[in-house]
Amino acid sequence: LRLDCREADAVLDGADVLLLRKEARDLSDRLDRFARQHGLTERQTQIVRLSLEGHHNASIARRLDLSVGGVKNHKLRIYDKLDITSERELMAALMLGS
């Protein structure tokens with residue numbers, strides 16, 4: 001697939017593009033498999049799901065009746081299990097299936 005783009009900074013020459021179907025059911029199935037594969041707890045899976053939906057820590061805390069610090073602690077444990085350091089890496093791991 002070749003993208004035709006006139007903007008010089010819009011597409012990197014030679015860059016790979018990954019296209020994923022972003023349907024709720026597909027993402028839910030992918031997350032369930034990912035959680036099982038990496039031994040995530042139910043709470044950790046809930047936090048990943050909400051992060052994937054775009055919720056920030058305070059929103060996640062409200063929805064799950066946790067403190068913001070509690071959400072951060074859960075995220076750190078998730079990152080430790082996956083040997084990553086950021087939410088960006090978490091999303092990449094989930095989408096790329098690693």
Side chains of Arg43 and Gln46: is there a donor and an acceptor less than 3.5 Å apart?
->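 Distance-only check passes for Arg43 and Gln46.
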
For the atom pair NE2 (His74) and OG (Ser51), what is the distance rounded to the nearest 0.5 Å?
->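 That separation rounds to 12.0 Å.
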
What distance separates Met91 CE from Leu96 CG, expressed to the nearest 0.5 Å?
->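 Answer rounded to 0.5 Å: 12.5 Å.
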
Flag the pair [X] / [Y] as yes when at least one side-chain heavy-atom distance between them is below 4.5 Å, and no otherwise.
X: Arg49; Y: Leu52; answer: no
X: Asp32; Y: Ser28; answer: yes
X: Thr45; Y: Phe34; answer: no
X: Tyr79; Y: Ile84; answer: yes

Write down the atom of His38, the atom of Lys81, and the distance for their closest heavy-atom approach.
->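 The pair with the smallest heavy-atom distance is O-CD, 4.0 Å.
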
Under 3.5 Å donor-acceptor, Gln44 side chain and Leu40 backbone =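 It does not hold such a pair.
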
Expected output: side-chain Arg30 to main-chain Met95 donor-acceptor under 3.5 Å |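 Yes, Arg30 side chain to Met95 backbone: donor-acceptor pair under 3.5 Å.
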
Can Val48 and Lys75 be said to form a side chain to side chain contact (heavy atoms under 4.5 Å, CB included), step by step?
-> CA-CA 8 Å; Val48 172; Lys75 283 187 173 183; over 6 Å; no

Could you tell me which residues satisfy side-chain hydrogen bond (donor to acceptor under 3.5 Å, both in side chains) with Lys72, sequence neighbours excluded, listed by chain and number?
->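 Checked Lys72 against side-chain hydrogen bond (donor to acceptor under 3.5 Å, both in side chains); zero matches.
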
Cut-off 3.5 Å, no hydrogens considered: what does the side-chain donor-acceptor table look like for residues 60-69, sequence neighbours left out?
| residue | atom | partner | partner atom | Å |
| --- | --- | --- | --- | --- |
| Arg63 | NE | His55 | ND1 | 3.4 |
| Ser67 | OG | Gly70 | N | 2.8 |

